[in-house]
Number of protein chains: 2
Amino acid sequence: MSKETFNVDKNGDFSNWFNRIIREAQLIDDRYNVKGFIVHRPWSMSMLKQIYRLYEDELEERGHKPVLFPTVIPEDNLSKEEEHVEGFKAEVFWITHGGDDKLEKKLALRPTSETAFYPLYALWIRSISDLPLKLYQSCSVFRYETKSTKPLVRGREFLWIEAHDVFATEEEAHKQVEEDMEIAEEVVYKKLGIPFIFLERPQWDKFKGAVKTFAADCIMPDGKLLQIASTHYLGQRFSKAFEITFLDADGTRKYAYQTCYGPGIWRILAAVISIHGDDNGLILPFEIAPIQVIVVPIFAKEHRELVEKYCMEICRSLKEAGFRVGVDLSDKTPGAKYYYWEMMGVPIRAEVGLREVEAKHVTLFRRDNRSRMTVQLDGLVETVKKLGYEALQNIKRKAEEFLELRAFKAKTFDEVRDLADKGGFIIAPFCSIDFDGESCAIRLKETLGLEVRGIPLKNRVKPSEEEKCIVCGRKAGEYVYLGKAY
Amino acid sequence: MSKETFNVDKNGDFSNWFNRIIREAQLIDDRYNVKGFIVHRPWSMSMLKQIYRLYEDELEERGHKPVLFPTVIPEDNLSKEEEHVEGFKAEVFWITHGGDDKLEKKLALRPTSETAFYPLYALWIRSISDLPLKLYQSCSVFRYETKSTKPLVRGREFLWIEAHDVFATEEEAHKQVEEDMEIAEEVVYKKLGIPFIFLERPQWDKFKGAVKTFAADCIMPDGKLLQIASTHYLGQRFSKAFEITFLDADGTRKYAYQTCYGPGIWRILAAVISIHGDDNGLILPFEIAPIQVIVVPIFAKEHRELVEKYCMEICRSLKEAGFRVGVDLSDKTPGAKYYYWEMMGVPIRAEVGLREVEAKHVTLFRRDNRSRMTVQLDGLVETVKKLGYEALQNIKRKAEEFLELRAFKAKTFDEVRDLADKGGFIIAPFCSIDFDGESCAIRLKETLGLEVRGIPLKNRVKPSEEEKCIVCGRKAGEYVYLGKAY
């Protein structure tokens with residue numbers, strides 16, 4: 001075929017597939033001349049905007065409100081919570097000059113915004129009537145990554161949402177952590193079709209400054225895990241460092257309980273691209289596709305005007321119904337157009353030739369399962385809506401099967417070793433996710449390249465009395481999820 | 001009255017009014033501990049999001065697509081267009097370190113993104129078929145301002161949109177400049193009710209690197225001008241500096257023509273707040289009000305449940321119709337609630353007492369003209385829509401009258417001096433807006449504090465042969481608009 005065909009073996013060499021699709025579908029340009037910083041082109045940025053919209057709607061639905069804090073954080077703020085600054089200071093970009101002047105105090109580009117938000121929270125929160133306080137911002141954050149960067153997966157600037165919530169009680173804060181997980185489920189699973197598992201991270205791998213971290217891992221086509229969101233129970237650690245107190249109904253002043261939540265918007269896009277795509281290119285969820293229906297005219301020269309006019313009519317009626325629609329009036333052959341829009345992942349293609357014009361029909365092609373059907377023009381809007389929904393259910397189901405097939409159980413180090421290259425999760429008995437399990441985790445990482453990703457919050461089963469840690473042989477405290485990760 | 005009443009003389013002391021309303025309506029917190037950086041609270045951020053949405057929709061409607069370039073720009077890029085770097089280098093924040101490492105090349109926090117976009121444009125644009133290219137991004141920019149900062153008006157970080165467009169011909173580029181002005185008209189004037197005048201800025205006051213700059217000035221309540229958007233004809237200056245060329249249909253390679261456009265999203269909000277507000281607080285345009293209708297229950301204790309239930313029914317039916325609605329169930333008195341929501345600028349208040357419940361009525365109060373009317377519940381949605389539209393027309397008309405009354409004509413320096421403190425525009429004969437008029441402009445600024453803001457693009461009248469520049473007495477080349485400005 002001509003060079004318009006994208007035909008790359010996704011499962012055979014995922015890394016090559018990923019690097020080619022982000023370039024050829026014009027998602028990302030990684031030729032910007034600063035290492036780790038990329039350019040989002042319209043096909044990527046349109047989807048990021050849609051993912052933001054879905055997430056923001058869901059957060060606001062549950063009582064969050066939008067704010068925007070400065071991009072810069074003074075060094076003093078950053079240093080207030082001891083573990084937090086230790087965790088982040090090696091990764092901070094520092095602004096030291098304005099014009100030719102040296103700044104009096106150097107400023108961090110926010111790596112995360114706890115230390116920007118919380119001094120203001122200390123001013124805003126006075127009494128129990130100010131709680132709960134649930135605010136979020138959508139923004140870029142910056143980390144001086146020393147690991148190798150990868151577009152949409154690990155960068156020195158990336159897009160996320162951060163929600164910072166404050167409560168009067170520990171119970172409410174724990175409930176918020178659960179709500180954060182539900183929000184991820186609503187958006188990432190239900191609307192985008194990406195399944196994931198929330199795991200309580202081991203103490204050595206938590207967010208620095210948190211009491212507990214829960215993070216969502218999905219499985220990429222190469223079997224490696226990708227963390228797409230995390231929510232943190234902060235307890236009173238930050239409220240004590242930043243003096244966030246409230247006057248309770250009983251007349252006493254108390255430290256508040258806090259949580260924070262960070263869905264990684266562009267990692268979610270990375271998962272969508274990678275997990276749903278196939279050898280022909282992208283397969284986009286209907287909800288976020290920049291173009292949901294592409295109309296392709298097919299004609300002999302003498303019918304061009306007639307067919308194109310009918311195409312514009314189809315386009316208009318779909319647009320009026322609120323769909324994002326395009327008509328491909330370029331001079332390419334229909335075949336070349338088909339291949340192009342398949343690579344771009346447009347969920348539905350409307351094929352329109354003389355036959356369709358005459359019968360007042362439209363032929364619809366579904367990208368996800370390559371099925372075709374013909375509908376009457378006056379039933380088009382309803383059918384498109386239905387097909388969009390069905391396509392999402394189909395790719396979601398496939399993604400779920402992939403995930404379910406990649407959870408392996410192992411009882412011994414040898415069994416784990418045999419499974420280590422299969423990808424996905426290995427579930428195995430382990431001594432502890434507290435700090436005294438860290439040395440076992442280091443050994444696992446060094447010998448097999450596997451990370452201890454943690455334990456699930458729900459359906460948690462404790463090992464029996466006889467089970468031993470696969471590394472040290474001490475009594476196992478938990479079944480942990482292991483895996484290789486991005 | 002109780003302290004809930006906002007009662008501040010806007011026209012008597014606008015500066016005090018502005019500082020108080022942004023604090024008391026919880027729009028902005030300026031206590032963040034870095035000079036010139038502020039925090040947007042939910043009431044501000046919700047409106048900024050709406051203004052972004054309106055502007056982005058209008059840009060996309062006219063063929064623009066969203067992108068996102070990095071926040072950082074290497075020094076090399078910034079230096080490629082000579083006038084541009086001269087204009088911006090004193091205002092750039094520099095990132096010099098990552099963790100403890102000194103960076104190999106220092107990075108600018110974008111003050112504007114021509115020099116981030118255009119190296120990639122040089123890669124993306126190959127032939128005439130790649131043109132026009134019309135891309136925008138919504139983002140923060142950063143300027144190390146030495147002038148005193150003012151929340152929403154002048155800051156070291158501020159929110160804007162920047163559109164960067166590329167064309168094959170000069171004519172198309174000039175047309176884009178006009179389209180940019182139309183877009184401002186659609187959003188800022190038609191949807192937000194803020195009138196403004198686009199003026200071609202003098203050469204000494206243009207965007208550095210542009211051939212010509214056109215900027216929109218509105219008049220703030222204290223008579224000072226506020227620039228809320230600007231569009232720039234760049235000619236081939238940047239295309240030559242960045243080698244942006246295309247293969248034309250005639251087989252030759254040519255330099256492209258460019259424009260860029262920068263609506264200042266938070267300055268638009270500053271204008272909306274300032275121009276529409278009154279002594280009782282904010283008056284928000286229906287289109288962007290975070291809450292469009294606030295429902296206030298009024299009851300004797302024994303009817304509380306009944307009245308509140310009816311309020312929730314009203315709320316639900318308005319929400320279903322797509323409005324942003326709140327119900328104030330707090331323990332404040334109805335009077336205190338009235339004052340609070342008037343200060344917050346909510347366009348419509350629904351007052352609901354036992355009488356309304358029994359008659360299945362709602363009493364609606366309009367914030368802008370303080371009128372009241374009673375409607376049947378089943379006509380509520382239609383009425384709210386109509387009132388929202390009428391309220392916008394009313395505040396728009398008032399704002400226009402204010403602007404029209406503040407354009408004064410003067411023929412001599414003495415006449416200009418007598419008008420100098422009246423605020424708004426003074427239109428006077430002036431030698432030239434080319435560089436040879438700059439010394440006259442400096443004298444005007446030094447003696448009367450007036451700036452030469454430029455000449456209108458439309459309805460431009462040339463001075464007669466006898467008319468003289470009000471400063472140097474040479475033959476006048478133009479009628480220019482003068483004014484004091486933020």
Side-chain angles (χ1 to χ4, degrees), chain A residues 26 29 31-34 37-46 48-49 56 65-74 76-77 89-101 103 105-107 109 116-117 119-120 123-124 135 137-140 142-146 156-157 159 290 330, chain B residues 26 29 31-34 37-46 48-49 56 65-74 76-77 89-101 103 105-107 109 116-117 119-120 123-124 129 135 137-140 142-146 156-157 159 290:
Chain A
Q26 301 201 339
D29 202 311
R31 291 173 293 176
Y32 192 75
N33 56 337
V34 189
F37 289 82
I38 60 171
V39 176
H40 294 275
R41 303 186 72 171
W43 207 248
S44 165
M45 197 59 211
S46 300
L48 291 168
K49 281 180 67 178
E56 292 176 359
K65 290 188 171 149
V67 291
L68 191 64
F69 277 71
T71 303
V72 303
I73 302 178
D76 296 356
N77 296 31
K89 72 180 181 185
E91 290 190 0
V92 166
F93 283 104
W94 291 106
I95 305 160
T96 57
H97 289 74
D100 290 329
D101 304 343
L103 300 180
K105 47 183 182 183
K106 65 180 183 177
L107 301 170
L109 274 184
F117 275 63
L120 275 290
L123 298 172
W124 295 343
L135 303 176
Q137 70 180 11
S138 296
C139 64
S140 278
F142 304 85
R143 301 202 185 151
Y144 180 63
E145 279 287 349
T146 47
R156 290 184 167 183
E157 175 175 13
L159 293 167
S330 69
Chain B
Q26 301 201 340
D29 202 312
R31 290 173 292 177
Y32 193 74
N33 56 337
V34 189
F37 290 81
I38 60 171
V39 175
H40 294 276
R41 303 185 71 172
W43 206 247
S44 166
M45 197 59 212
S46 300
L48 291 167
K49 281 180 68 178
E56 291 175 358
K65 290 187 172 149
V67 291
L68 190 64
F69 278 70
T71 303
V72 303
I73 302 177
D76 296 356
N77 296 30
K89 72 178 180 186
E91 291 189 0
V92 166
F93 283 103
W94 291 106
I95 304 161
T96 57
H97 288 75
D100 291 328
D101 303 344
L103 300 180
K105 48 185 182 181
K106 64 180 183 178
L107 302 170
L109 274 185
F117 275 63
L120 277 290
L123 298 172
W124 295 343
S129 67
L135 304 177
Q137 69 181 13
S138 297
C139 64
S140 279
F142 305 83
R143 301 202 183 150
Y144 179 61
E145 279 287 349
T146 46
R156 290 183 167 183
E157 173 175 13
L159 292 168

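In the text below, chain A, chain B and the rest are named by the order of the sequence lines, each starting its count at 1.
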* Between B/Tyr144 and B/Phe93, ring centroids under 6.0 Å -> yes
* Hey, does the side chain of B/Asp29 reach the backbone of B/Arg31 with a donor-acceptor pair shorter than 3.5 angstrom? -> yes
* **Part of A/Asn33 within contact of chain B (heavy atom distance under 4.5 Å)** => both
* To do: Measure A/Val92 against the heavy atoms of chain B and call it side chain, backbone, both or neither at under 4.5 Å.
  => backbone
* To do: Between chain A and each of B/Thr146, B/Asp76, B/Thr96, count heavy-atom pairs under 4.5 Å; write down the option with the most.
  => B/Thr96
* With side chains defined as the heavy atoms from C-beta onward, is the minimum distance between A/Leu103 and A/Trp94 less than 4.5 Å? -> no
* Against chain B, work out which of A/Pro70, A/Ala116, A/Cys139, A/Pro42 has the most heavy-atom pairs shorter than 4.5 Å and name it. => A/Pro70
* Structure fact -> Pair count under 4.5 Å, heavy atoms only, with chain B: among A/Asp100, A/Leu107, A/Val72, highest is A/Val72
* Any idea which of A/Glu56, A/Lys105, A/Lys49, A/Gln137 has the most non-hydrogen atom pairs under 4.5 angstrom with chain B? -> A/Lys49
* Where the side chain of B/Ser44 meets the backbone of B/His40, is there a donor-acceptor pair that is under 3.5 Å apart? -> no
* Does B/Glu145 offer a backbone N or O that forms a donor-acceptor pair with the side chain of B/Arg156 under 3.5 Å? -> yes
* Structure fact -> Under 4.5 Å to a heavy atom of chain B? For A/Pro119 that would be neither
* Structure fact -> Among A/Phe69, A/Phe117, A/Trp43, A/Tyr32, the residue with the most heavy-atom pairs under 4.5 Å to chain B is A/Tyr32
* Could you tell me which of B/Ser46, B/Ala90, B/Pro74 has the largest number of non-hydrogen atom pairs under 4.5 Å with chain A? => B/Pro74
* **Which atoms of A/Leu120 approach chain B - backbone, side chain, both or neither, heavy atom under 4.5 Å** => side chain
* Asked: What are the two closest heavy atoms between A/Val67 and A/Leu135, and how far apart are they?
  -> CG1-CD1, 3.8 Å
* Measure from the side-chain N and O atoms of B/Glu91 to the backbone N and O of A/Gly99, and report whether any donor-acceptor pair falls under 3.5 Å. => no
* Pick one of side chain, backbone, both or neither for A/Gln26, based on which atoms fall under 4.5 Å of a heavy atom in chain B. => neither
* Examine whether an atom of A/Phe142 lies under 4.5 Å from a heavy atom of chain B, and if so say whether it belongs to the side chain, the backbone or both; otherwise answer neither. => side chain
* Structure fact -> Cut-off 4.5 Å, heavy atoms of chain B, and the answer for A/Ile73 is both
* Structure fact -> Honestly, the part of A/Asn77 sitting under 4.5 Å from a heavy atom of chain B is side chain
* Asked: Which bit of A/Lys106 comes within less than 4.5 Å of chain B, counting heavy atoms only: side chain, backbone, both or neither?
  -> neither
* **Sequence-distant partners of B/Glu157, side chain to side chain donor-acceptor pair (under 3.5 Å), two or more places apart** => A/Thr71, B/Ser140
* Asked: Between A/Leu68 and B/Met45, what is the shortest heavy-atom contact and its length?
  -> CB-SD, 3.5 Å
